[in-house]
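This report concerns only the one structure given below.
Below, read A as the first sequence line, B as the second, and so on, with proteins coming before strands; counting in each chain starts at 1.
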Amino acid sequence: MAFRLKLVPEHTSFDFFKHQWLTFGASVAAVIISIILPIVMGLNFGIDFRGGTTIRTESTQVIDVASYRQALSTLDLGDVSITEVFDPSFRADQHVAMIRIQAQGDTQAITPEQIGTIEAALKTADPEVRFISTESVGPKVSGELIWTAVWSVLAAAGAIVVYVWVRFEWQYSIGALASLVHDVVLTVGLFALFQLKFDLTIIAALLTILGYSINDTVVVFDRLRENLVKYKTMPLKDVMNISVNETLSRTVMTSGTTLISLISLIVLGGDVIRNFVLAMTWGVVVGTYSSVYVAKNIVLFIGLDRNKKPGDPSDKFFTEGAANADH
Amino acid sequence: MLQIPLWKRVVIIGLCVIGLGMAAPNLFYNRVEGHNDALRTLERSGALSDEQAAAKAAWPDWLPSGLVNLGLDLRGGAHLLAEVHLSEVYKARMDALWPEARKALSGERTTIGSIRRVASPDGELRIQIGNADQIAAAVAAVKALATPVVTLTGVGQSDIEVTGQGDTITIRLSEAEQAATDDRTMQQSLEIVRRRVDAAGTREPTIMRQGSDRILIEVPGIGSAAELKSLIGTTAKLTFHQVVGRSSNPDQPAGSGNVILPDANTQGIYYILDQVPVVSGDELTDARPETDQNGYPAVGFRFNPTGARAFGDFTQNHIGEPFAIVLDGKVISAPVIQSHIAGGSGIITGRFSSQEATDLALLLRAGALPAGMTFLEERTIGPELGADSIAGGRMAAAVGFVAVVAVMIASYGLFGLFASIALMINIGLIFGVMSMIGSTLTLPGIAGIVLTMGTAVDANVLIFERIREELRTAKGAARAIELGFEKAMSAIVDANVTTFITGVILFVLGAGPVRGFAVTLIIGILTSVFTAIYVTRLMVSAWYDRRRPKTIEL
């Protein structure tokens, strides 16, 4: 037999419930910590959510943050934060800084005149400075964006739960919901812990995580449903173990290829989308974990009604569809 | 058993060829873009410079020339979100109604007594009458001015609501009329913004309505949001007023029905004007830069017949009196009427530079915005940032692709190679579909494509793992392959439908770059299911037919 890279041995029979109190307990603890963290430490909201202006500057000189701050201090702009950005993809003489200024006024974005004075002030501090991008969001819009973001996450989770409910049974959808909440909360927790910038793109990442995590969970559920028909008398717990073991190789392969792509983006994709990709990478990791350790545990807690006639009418459609594709 | 009917093979291969053909122009992005730009110029002006003709010839006309649009974050440009002050239009409507109402009421003066406009909140007209006991008659007289609203929902409603209380009549727009007015205001604002941005000749601007009172404007390639703002933000509301008096005191009471406005050129000079304009810029049909009799830059204009008549009547009756030309709340000039101006054309002189005269003419030609705007959001992205992002994304995609292919081939051998070819076709198809529907690629969109590379092989992994399992139960190779495809189907469908759902929600609720990400995600799901199932299957069956292996290694 030719050489094959086997990330997972051909036959595995891990008992995924052996340490279930440890793994599940760890998940619960992580979720609780991830809820507390944003409350205690707060999230580092980007201007999308709290209004304000960010200016990205580039200079051939090394950036002296103090002199930038000095230059802006006379302008009475309120809260100003200046951070230098480092990235392996930058050229040797490429020095980038991000300047964030709190919202001025209560509805509008910043005016061109204000930007003009800010840029002029920075020019006196560093004549080489160039302004690469300026983004300004008025508080009126940012307030709405928060709600749109919350709604979109809830709507996506809700739609997924309904789909799982229709395709499987309600117990599965509770399990799926639990793992979705787990993944989203843990990602938000990570952003609070490291105070990474949380903006609209992170919401997109959260939704992608939802999609990815449920993808993984559904594959396990799908196999579970199939095995429940096959092993009618085996205890539910054992059927679950068989199902996870059977799909383990696929789970590891898919997570692996996805992580490879994401890591290449983290390293090479530049600093603008790094947080976005970071959120997704973390999400893939916790999403894979949750589909193995969270979703099915919940289903086991609730229990399944196994006396129901096997073969939900809804899965007929797809097996027939598949059969038709052969002719 | 593994046979795929001929028609199906033709369809699968055909779709791949079409998709890849549509994607191909993106490989020659600059050349095709030059070609498309040249075509657009040709359409607009009918002639090409040598340079443009060369650009047009650089890409054959008969080849597909659709390109993936690059989003602002990749190309650089400006983005604005403007809120239109809809209620300003109500105020203008009420101001315009006052002379009519006065006329209607003056017919009844014997019964209702004196008529006076009193202060009111914006969007309302309040008229005080002398005899409070005749209020019903006054209300009836004003009500006669109402006209029915012609909208689907507002059937049976009239455009104004008239109520009387004590000695005061209050008039405001009815709800149906407000809705209709809002809609007209938005349409008009959109159209005018579009014309102004188009006049500046930028490439593929996005101008669209968002929500009830907002306009999203995205213009690639423009230097800054400030530039874009000055292009569209100037209201250029031009009106002609009767001058009541002059003053040096801005706080001087102007008197009922009058306004006091500053002079645009000299500080400290104010004009007291009749609030109701004689003619407004809406009635202009043309405006162009000219020079006045002293050789200074000026703007020539021409009214439509209604405007010309109103202007003609006014000038005839007020010879020797000054009238004011007001632009955006400032008096730009207040010449004395020398003679009856009958033709409906004239020139505006002010202290313009020739550039200002050209700009003003352009703004007047495009028409005035019906209402002011506030900018809620503005973003400027420099082209270099976008170029860096594209370079980074491209590099990451290449490395990610090679790595994924390496893992797939190492894990599944020949089948892994099939999956890798399918993946390559998949990426081609994503670009093909995006070019076909003209959707926009953003930086998160690039991340979406890279992510799709990781997940696209999922369907193949599911199938291959399943085939392996079926092989273990010692079925023949062909049967195992067939069962593998068949049994993996339900997991593939479920897994992709759920991701599709999140993609759709992202698209509906997201904006800008996030929406771009949703588009690539959705297209990626569709194409990856197609390539992973059908294209791979085609390759597997072709290979099987040729080799007829007794056993397969997977």
Item checked: Minimum side-chain heavy-atom gap Ser133(A)-Ile381(B) below 4.5 Å -> yes
Next item on the list: Side chain from CB out, backbone as N, CA, C, O: work out which of these in Leu81(B) comes under 4.5 Å of a heavy atom of chain A, or both, or neither.
Entry: side chain
Notebook entry, point to check: What part of Arg468(B) lies closer than 4.5 angstrom to a heavy atom of chain A: side chain, backbone, both or neither?
Noted result: side chain
Check: Given a strict heavy-atom distance threshold of 4.5 Å, which part of Ile501(B) is in contact with chain A: side chain, backbone, both, or neither?
Finding: side chain
Check: Can you tell me how far the CD1 atom of Ile214(A) sits from the OG1 atom of Thr499(B), to the nearest 0.5 Å?
Finding: 9.0 Å
Next item on the list: Would you give the length of the straight line joining atom CG of Asp458(B) to atom OG1 of Thr257(A), rounded to the nearest 0.5 angstrom?
Entry: 7.5 Å
Note to self: Nearest 0.5 Å, please: how far is CZ in Phe517(B) from CG in Leu200(A)?
What the structure shows: 13.0 Å
Note to self: Assess whether a salt bridge exists between Glu377(B) and Lys140(A), defined as any Lys/Arg side-chain N lying under 4.0 Å from an Asp/Glu carboxylate O.
What the structure shows: no
Margin query: Please classify the contact between Ile115(A) and chain B as side chain, backbone, both or neither, with a heavy-atom cut-off of under 4.5 Å.
Written below: side chain
Check: Among Asp494(B), Val493(B), Ile492(B), whose side chain to side chain contact (heavy atoms under 4.5 Å, CB included) with Val218(A) holds?
Finding: Asp494(B)
Check: Is chain B contacted by the side chain of Asp222(A), its backbone, both, or neither, given a heavy-atom distance below 4.5 Å?
Finding: side chain
Notebook entry, point to check: Measuring from Ile505(B):CD1 to Leu154(A):CG, what's the distance to the nearest 0.5 Å?
Noted result: 10.0 Å
Margin query: Is any side-chain heavy atom of Gln108(A) closer than 4.5 Å to one of Glu83(B)?
Written below: no
Item checked: Side-chain heavy-atom pair Val407(B), Ile260(A) within 4.5 angstrom cut-off -> yes
Notebook entry, point to check: Rounded to the nearest 0.5 Å, how far does CD of Glu246(A) lie from CD of Glu469(B)?
Noted result: 5.0 Å
Notebook entry, point to check: What is the minimum heavy-atom distance between Pro112(A) and Ala226(B), and which atoms define it?
Noted result: CB-CB, 3.5 Å
Item checked: ring-ring contact (aromatic ring centres under 6.0 Å, His included) involving Phe415(B) - partner list, sequence neighbours excluded -> Phe418(B), Phe464(B), Trp543(B)
Next item on the list: Decide yes or no for Glu384(B) and Ile132(A): does some side-chain heavy atom of the first lie under 4.5 Å from some side-chain heavy atom of the second?
Entry: yes
Next item on the list: Identify the residue among Leu451(B), Val457(B), Val404(B) that makes a side chain to side chain contact (heavy atoms under 4.5 Å, CB included) with Ser261(A).
Entry: Val404(B)
Margin query: Is it the case that over 12 heavy atoms from other parts of the model lie below 6.0 angstrom from the CE atom of Met395(B)?
Written below: no
Notebook entry, point to check: Could you state the interatomic distance from CZ (Arg167(A)) to OG1 (Thr498(B)), rounded to the nearest 0.5 Å?
Noted result: 10.5 Å
Checklist line | Beyond-backbone contact of Phe375(B) with Thr111(A), side-chain heavy atoms, under 4.5 angstrom | finding: no
Margin query: Just so I understand: if I count every heavy-atom pair under 4.5 Å between each of Ala156(A), Ala205(A), Ser213(A) and chain B, which residue has the most?
Written below: Ala156(A)
Notebook entry, point to check: Checking heavy atoms, do the side chain of Tyr412(B), its backbone, both or neither come under 4.5 Å from chain A?
Noted result: both
Next item on the list: Flag the pair Ser136(A) / Arg379(B) as yes when at least one side-chain heavy-atom distance between them is below 4.5 Å, and no otherwise.
Entry: no
Check: When heavy-atom pairs shorter than 4.5 Å are enumerated against chain B, which of Gly138(A), Ser264(A), Gly270(A) gives the highest number?
Finding: Ser264(A)
Checklist line | Partner of Ile273(A) under side chain to side chain contact (heavy atoms under 4.5 Å, CB included), chosen from Asp73(B), Ile446(B), Leu443(B), Thr442(B) | finding: Leu443(B)
Notebook entry, point to check: Non-hydrogen atoms of chain B under 4.5 Å away: do they reach the side chain of Glu58(A), the backbone, both or neither?
Noted result: side chain
Checklist line | Lys/Arg N to Asp/Glu carboxylate O, Arg466(B) vs Glu226(A), below 4.0 Å | finding: yes
Next item on the list: Taking all heavy atoms of Ala204(A) and all of Leu506(B), pick out the closest pair and write down the distance.
Entry: CA-CD2, 3.8 Å
Margin query: Under a plain distance cut-off of 3.5 Å, with no hydrogens placed, do Glu465(B) and Ser249(A) share a side-chain donor-acceptor pair?
Written below: yes
Check: Checking heavy atoms, do the side chain of Glu144(A), its backbone, both or neither come under 4.5 Å from chain B?
Finding: side chain
